[in-house]
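Remarks on the structure that follows.
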There are 2 protein chains.
Amino acid sequence: MLTEERHHLILQLLKEKEVRKLQEFVEATGSSESTIRRDLSQLEEEKKLIRVHGGAALIKQKRSEPSMMEKSNQHAEEKKRIAMYAAKFLRKGDCIYLDAGTTTLAMIPHIEEKDITVVTNSITHAAALTEKGIQTFVTGGFLKANTRALIGQGALHGLNQYSFDKCFIGVNGIQLNVGFTTPDPEEALIKRTAMKQSLETYVLADRSKFNETAFAHIAHLNQAVIITDKLEQELLHSYKEKTSIKEVEA
Amino acid sequence: MLTEERHHLILQLLKEKEVRKLQEFVEATGSSESTIRRDLSQLEEEKKLIRVHGGAALIKQKRSEPSMMEKSNQHAEEKKRIAMYAAKFLRKGDCIYLDAGTTTLAMIPHIEEKDITVVTNSITHAAALTEKGIQTFVTGGFLKANTRALIGQGALHGLNQYSFDKCFIGVNGIQLNVGFTTPDPEEALIKRTAMKQSLETYVLADRSKFNETAFAHIAHLNQAVIITDKLEQELLHSYKEKTSIKEVEA
DNA sequence: CCAAATTCAATCAAAATCATTCAAAAACAT
DNA sequence: ATGTTTTTGAATGATTTTGATTGAATTTGG
């Protein structure tokens, strides 16, 4: 077995399981202990993994993000279910727009179809997507500090270069007669534009967003399909008349 | 069997399996070991594959350019000194372009003048800048996995929206008669364009970049000021005739 | 805290692979 | 047909990789 192959296999095994014993590599490759040790040293040198006593561990670069982190804890479970369900709408070859925000971010780990092209206005999302081996384009624009979203003329301009099969956006408010809303007018403009360029629009929203209104208007209810968790019958009924709602399946 | 046929077959086999032993090629073609070795050398020359001990591997971006992580450790001290010195060139109100790359990234912690506007094609840089409270714009474009730089038409397009007082770029090679070079032609184009839009250009380069040539040409020596560490007298002299060099002060 | 067990880095000789050279064979031009 | 160039395969010694062995370092269990 060639050195390259071994290295590849070692990293592959580590991807499946974060920490592995040296002996596991020995068995998997059929090489001697010495050889595996050398391999691990090399790969550590290349920053591909970290050696630990008795084996090796996957390298982890955690990007902590306080403002983002705080948010993502609220309704975390609900968001995760919604995101996982939304990810199932992706098809081979799709070109999609992925909006900034915690709910759309939660989609990324659950994307199974790798053969898609994604455009996003969030550098956090972009990094995560590329990490997963997904073709990713960034809109460009002014980088807003607290949400890490790209906004402004630059973002709008970048966005106008593309057309999408589907777009997935997050909102802060959903109201029967108002439609979808978000606090920042600049972000609203971006979301609206993305929807305009897209054949289908999915709005990801947990229960807390319903019957709320934020400052800036994005679009009317009938312009998107809402993906959400199980709603109360009453609420669901009143909205079903105005728009299409997909509820997370059990 | 013709040379052409063998080459084709070799590449074909590599497409099926990323890494192959030399012996596999020998058997598949019925040629001698020597012949296959010659073939592999040639194909490597043509950048169709890379040779590894015992065989050959399919070309992968990953291998041709060391990853960000890997790079950041090489010449770390020297880079830091250069970056710190370069940061002193910033003036209140400046609009600058900050190129992707580890040396330019090292500038960010040392930026004292907060009243500047920065455009960058690296999402890593953008995040760090915004974190520091600096107005930051991102070019947009395709996100390259290993360097986290934005490239392609989108990046070019975004870049064209701005003009700069100064731009700070990194390079991989500096050669007297060749000028500045970098491995990826796409990135070279971005760098070149940024320089065009800028009144002054600073190239940040540690000693190891001198008398090296990478694949893609960026610009000639006289089109930028080089910021570097202390050089050997001989080297310094030969370059001083062709361009302007700022050496890190003690 | 110590001692046994495990894991480690360093060293070395054997095996595999490598670049280089050279002469024979093949393809080519004249 | 003859001489020239190119391609090929074998032989060479150099280089790299490998697995076993050693004693040192670390972890584990009492």
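Quick caveat: nothing in here was measured; it's all calculated off a predicted structure. Chain identifiers are assigned alphabetically (A, B, ...) following the order of the sequence lines, protein sequences preceding nucleic acid strands; residue numbering begins at 1 within each chain. Scope of the values below: all heavy atoms of this structure, side chains included, with no hydrogens, waters or symmetry mates.
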Expressed as a whole number of angstroms, how long is the span from A:Lys21:NZ to C:dC8:P? 12 Å

Do other residues, nucleotides or ligands put more than 12 heavy atoms under 6.0 Å from B:Glu5 CD? yes

Contact between B:Gln223 and B:Lys196 at the side-chain level, heavy atoms closer than 4.5 Å - yes or no? no

Degree of bending, the helix from C:dC1-D:dG30 to C:dT30-D:dA1 (end axes from five pairs; round to 10°): 40°

Measure the distance from CZ on B:Arg37 to P on D:dT12 and round it to the nearest whole Å. 16 Å

Using the test side-chain contact (heavy atoms from CB on, under 4.5 Å), find all partners of B:Glu212 that sit at least two apart in sequence or belong to another chain. none

Charged N to carboxylate O under 4.0 angstrom, B:Glu187 versus B:Lys144? yes

Generate the contact string for nucleotides 15-30 of chain D. Rules: B means base contact, S means sugar-phosphate contact only, - means no protein heavy atom under 4.0 Å. -SSBBBB----SS---

Once you apply a heavy-atom cut-off of 4.0 Å, does A:Val52 come out as touching a base, just sugar-phosphate, or nothing? sugar-phosphate

Between B:Val171 and B:Thr181, is the side-chain contact (heavy atoms from CB on, under 4.5 Å) condition met? List the steps. CA-CA 6 Å; B:Val171 303; B:Thr181 52; over 6 Å; no

Interatomic distance where NE2 belongs to B:His7 and C1' belongs to D:dT8 [whole Å]: 13 Å

Modelled atom types, side-chain donor and acceptor of A:Tyr85 and A:Asp229, under 3.5 Å: no

I'd like to know if the side chain of B:Asn211 pairs up with that of B:Tyr239 as donor and acceptor (distance under 3.5 Å, no hydrogens or angles considered). yes

Neighbour count >12 (heavy atoms, 6.0 Å) for atom NZ, A:Lys17: yes

